[in-house]
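In what follows, a structure is listed as structure tokens, so that the remarks can point back to it.
A note on names: the letters A, B, ... follow the listed sequences, proteins ahead of strands, and every chain is numbered from 1.
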2 protein chains.
Amino acid sequence: MTAERKSRARTRGGMILIGGSEDKAGDRGILRQVVARAGKGPFIVATLASEEPERQWEVYARIFRELGLRRLVHLDIRGREDALDPVQLEKVAGASGIFFTGGDQVRITTKLKGTELYARVRELFEGGTLVAGTSAGASAMGTAMLVGGSTKEESHKVGGAFYMAQGLGFVDDLIIDQHFAQRARIERLIGAVAENPGGIALGIDEDTAVVLDDQDFSVIGAGAVYVADGRTVTHTNMSEAATGKTLCLFDATLHVLCRGSGFNLRTRRPIPPGD
Amino acid sequence: MTAERKSRARTRGGMILIGGSEDKAGDRGILRQVVARAGKGPFIVATLASEEPERQWEVYARIFRELGLRRLVHLDIRGREDALDPVQLEKVAGASGIFFTGGDQVRITTKLKGTELYARVRELFEGGTLVAGTSAGASAMGTAMLVGGSTKEESHKVGGAFYMAQGLGFVDDLIIDQHFAQRARIERLIGAVAENPGGIALGIDEDTAVVLDDQDFSVIGAGAVYVADGRTVTHTNMSEAATGKTLCLFDATLHVLCRGSGFNLRTRRPIPPGD
């Protein structure tokens with residue numbers, strides 16, 4: 001318990017996963033937290049997920065500058081060829097924070113995985129550099145990602161509502177979904193643990209974030225974070241079912257985490273606010 | 001187990017709860033099941049929930065006639081004064097099936113509860129008469145009902161997304177929600193078990209139904225049924241939280257039941273298809 005508390009008390013580095021649509025005009029509490037944990041080294045705004053990288057860079061550069069960051073760098077990677085360019089390695093050198101903007105998470109993973117740049121970013125993260133992401137930029141951090149799929153109608157059809165793709169894998173056994181309540185994505189969260197019953201699936205509301213230190217995270221922002229744990233599952237038809245068949249899943253564990261509460265990824269136990 | 005199997009094998013009476021928008025033009029599998037379980041006595045179409053009782057009566061009378069029912073009766077109760085009229089008792093006498101149409105579940109409970117007619121309907125149900133309902137007509141059957149509330153945005157605010165009202169209480173410890181996947185109602189289902197942790201909350205998809213015999217039910221139709229069990233909950237801020245605060249709820253158990261699977265309300269255990 002002491003180790004947990006110590007880790008939760010850390011104030012630099014780690015990971016901040018934002019459910020999208022974080023407050024950009026008011027108090028900007030979540031982005032302030034990003035700034036606070038990033039330290040004073042170069043801060044990278046990585047717009048890999050976006051179809052409007054320049055626009056995203058302008059928006060976030062302005063905000064982060066207003067919140068006190070001075071050494072802002074745009075990591076503008078539009079194709080995999082850009083990711084392979086050694087110039088990018090210089091750009092991220094010594095970064096104390098890296099922020100992945102939203103868009104499409106597959107644009108992040110297909111450009112970045114398997115490159116030297118990916119290895120460098122991972123080294124930075126493991127060395128104490130804050131890695132943060134919003135929306136698609138958050139989803140990309142897990143071991144697997146939820147991609148596509150309608151949120152309604154076909155939601156209970158096996159294989160019908162979404163597909164899973166490999167994420168950057170910065171955190172083990174974790175699947176991250178965003179815009180959670182707002183896009184009503186419980187079915188795909190449940191589908192994700194049906195397909196990955198050893199894993200934890202997080203559904204993060206808009207303007208809500210998890211702040212991860214080593215093995216545990218806490219919730220900040222306006223909304224809630226859903227945690228679906230597949231380890232308790234006793235029965236599912238996920239493997240035997242043909243695509244289009246209705247999903248069966250028994251005994252999934254579901255936690256709803258409010259602001260100030262937390263979760264330990266090792267013990268898989270939620271932590272009440274104030275503990 | 002023998003008792004369970006026996007009860008599941010029953011083919012008359014019991015209760016059929018439909019998530020709304022059941023197929024009315026194609027195979028009409030769910031409504032066929034209603035007819036099959038109703039037997040040949042008078043069949044009551046109760047339009048209490050509807051603002052268009054005549055229209056609902058026409059729609060269902062035509063379908064049930066096409067499916068082979070001959071003794072159809074319209075229970076047309078527009079205000080509580082109608083429910084108190086002794087003529088209604090004659091209408092339901094000897095009924096072998098009662099079908100509650102959709103609309104607003106509060107229109108059912110506020111007209112019916114505490115009346116002689118309510119007692120008579122309950123007696124009929126307990127004596128083996130099939131009671132079925134679709135949409136609001138299904139919701140009304142539980143001990144408590146979910147009423148109103150947005151399905152998104154405010155979904156994680158305690159007290160913000162819905163309120164609970166007393167249902168007809170034909171089934172103990174059961175809260176029933178409908179149009180489940182289609183209206184993305186997981187938050188209010190979870191809120192319902194947070195408020196009633198001893199209870200079971202069912203979220204029934206459209207064109208999907210549970211067929212209840214005594215202590216267990218099975219799933220029929222096109223979609224899935226979500227079952228949230230609050231008994232495993234280890235922490236919630238539901239009582240201490242002011243309205244508008246984000247909900248915390250740890251260790252809820254969630255089952256997704258596909259067609260052919262079932263659930264025992266006494267043991268609180270799901271039953272895989274084919275068992």
Side-chain angles (χ1 to χ4, degrees), chain A residues 150-158 161 179-187 189-191 193-194 203 205-206 208 219 221-229 232-238 241 245-261 263 269-273 275, chain B residues 150-158 161 179-187 189-191 193-194 203 205-206 208 219 221-229 232-238 241 245-261 263 269-273 275:
Chain A
S150 73
T151 57
K152 302 182 183 182
E153 308 300 338
E154 293 295 297
S155 60
H156 295 112
K157 301 283 191 266
V158 172
H179 300 282
F180 190 72
Q182 292 76 14
R183 297 189 188 169
R185 288 173 160 175
I186 185 70
E187 294 84 0
L189 199 77
I190 292 298
V193 296
D205 279 359
E206 291 182 354
T208 306
V219 175
V225 174
Y226 273 86
V227 181
D229 187 346
T232 52
V233 168
T234 56
H235 170 83
T236 177
N237 63 351
M238 198 75 191
K245 196 168 172 181
T246 310
L247 175 68
C248 251
L249 183 77
F250 297 173
D251 294 298
T253 298
L254 191 68
H255 311 289
V256 187
L257 305 182
C258 57
R259 177 179 13 204
S261 64
F263 192 82
R269 293 303 307 153
I271 305 160
D275 267 33
Chain B
S150 74
T151 57
K152 300 183 183 181
E153 309 299 339
E154 293 295 296
S155 59
H156 296 112
K157 301 283 191 266
V158 172
H179 301 281
F180 189 71
Q182 292 76 15
R183 297 189 188 168
R185 288 175 159 173
I186 186 71
E187 294 84 1
L189 199 77
I190 292 299
V193 296
D205 279 358
E206 291 182 353
T208 306
V219 175
V225 174
Y226 272 84
V227 180
D229 187 346
T232 51
V233 168
T234 56
H235 171 83
T236 178
N237 63 351
M238 198 76 192
K245 196 168 173 179
T246 310
L247 174 67
C248 252
L249 183 77
F250 297 172
D251 294 298
T253 299
L254 190 68
H255 311 289
V256 186
L257 306 182
C258 57
R259 178 184 4 207
S261 63
F263 192 82
R269 294 303 306 153
I271 305 161
D275 267 34

Listed partners of B:V227 passing side-chain contact (heavy atoms from CB on, under 4.5 Å), at least two apart: B:I200, B:L202, B:F217, B:V225, B:H255, B:L257, B:F263
Do A:D205 and B:T246 have side chains that approach each other closer than 4.5 Å (heavy atoms only, starting at C-beta)? no
Does a side-chain heavy-atom distance below 4.5 Å link B:P272 with A:C248? no
Tell me, for A:T234 versus chain B, whether the close heavy atoms (under 4.5 Å) come from the side chain, the backbone, both or neither. side chain
Name the member of B:A194, B:A228, B:A252 that forms the most heavy-atom pairs with chain A at distances under 4.5 Å. B:A252
Who wins among A:T232, A:I186, A:T253 for the most heavy-atom pairs under 4.5 Å with chain B? A:I186
Run the side-chain hydrogen bond (donor to acceptor under 3.5 Å, both in side chains) test against A:D229 and tell me which residues pass, sequence neighbours left out. A:R268
